[in-house]
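One structure is given here, and the rest of the page talks about it.
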Amino acid sequence: MDHRALPKAELHLHVEGALEPELAFALARRNGLTLPWADPAELLRLYQFRDLQSFLDLYYQVMGVLRTGADFFDLARAYLDRAAGDGVRHAELFFDPQAHWSRGVAPREVVAGLTDALDDARQRHGLSGGLILCFLRDLGPGAAAEIWGAVQPLVGDLLGVGLDSAEVGPIEAFAPVFAQARQRGLRLVAHAGEEAPPHDIWQALDSLGVERVDHGLRALEDDALVERLVRDQVPLTVCPLSNVRLQAVAALERHPLAAMLARGLAVTVNSDDPAYFGGYIGDNFEAASAALGLSDEAVLRLCRHSLEAAFVSPQRRAELLAELTAVASSDG
Ligand code: ADE
Ligand code: ZN
């Protein structure tokens, strides 16, 4: 089965993580900045990570070339074109406004560039999508409240809020800002259980009230948690190549994705930071299917889960599910 032809949603994609070395160098030139590496090839050679933190250190450094609305537009447009080629019909883009604000780039610039790119993708590819503002967990709840205050005029341009960066400090400390986001009608997600134990996943559900868990990789260590996630069919946005590159799993052949599916979890496949981890969503489907021997039925189920987990209207969901059924049956 050609999984690239199957309609799917990408639900775990950091747009700054789609910044390819070539584009980073082009934007540096455009903005009169000098990167500390000779060329894209030299930067690419550094993409060997021990863990999440070793990746984040480079990720925040490289994204320093993003300065204007046009930079964010070009970045998101390049990602959305790639995604459309992988069968993505709906994409929810995470972005980290605190990381840009600290360099003097206003959230308004960031959101304007990304929104224009989503409008452009809707026109050129029929792709739907939205923006999810991520709070940086390692900067703590005070800094989250500060950026939340700064983006109040932009809330209408957002689909939701999330939580990312290093898994340090109590996740439940973000409950007040998540409650405010919910009151403003935003959808809620959070990274949890990527490297840290299942406790964070419980807290993401019970204290933050998230509707999806990003990664959730370590859920399988806790039977009661698995039972809860299966009972409520809480979507988990799993990113196989990311987990290998950040050494959360020892090898793709040992990735728990197949076991998660077998337990009845609502798992989806996503790319996380495709420019850093060796592949976009299509590459993730391809590599995971080959390494884990996933059946066509399992691949279809992953695509269906993504459409069911997407923050879309009932009409859009019905349209996308019908497209999936049509493509799957024509594929034999
Ligand atoms: N920010 C970008 N990618 C991330 C990841 N995989 N985990 C946490 N924060 C991130
Ligand atoms: Zn992520």
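As the structure lists them, so they are numbered: ligands from 1, and atoms in each ligand from 1.
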So, [X] and [Y]: side-chain donor and acceptor under 3.5 Å apart, yes or no?
X	Y	result
N270	N284	no
R245	Q48	no
R316	S128	yes

(request) Select all protein residues for which some heavy-atom-to-ligand 1 distance is less than 4.0 Å, and list them by chain and number. (result) H14, L52, F55, L56, Y59, D164, S165, H191, E194, H215, D272, D273

(message) Can you count the protein N/O/S atoms lying under 2.8 Å from the Zn ion (ligand 2), leaving waters out?
(response) 4

(request) Enumerate the residue pairs fulfilling ring-ring contact (aromatic ring centres under 6.0 Å, His included) with a member in residues 210-242, sequence neighbours excluded, ordered by first and then second residue. (result) H12-H215, H191-H215

(request) Quick one: do V65 and L23 satisfy side-chain contact (heavy atoms from CB on, under 4.5 Å)? Show the steps, please. (result) CA-CA 9 Å; V65 300; L23 183 58; over 6 Å; no

(message) Counting only heavy atoms from other residues, nucleotides and ligands, does the tally under 6.0 Å from CZ of R108 exceed 12?
(response) no

(request) Please say whether more than 12 non-hydrogen atoms of neighbouring residues, nucleotides or ligands are located less than 6.0 Å from CD in E221. (result) yes

(message) By the side-chain hydrogen bond (donor to acceptor under 3.5 Å, both in side chains) test, which pairs, at least two apart or in different chains, include something from residues 133-144?
(response) R137-D200, D138-S165

(request) Considering non-hydrogen atoms only, spot the tightest contact between L56 and A166 and give its length. (result) CD1-N, 3.4 Å

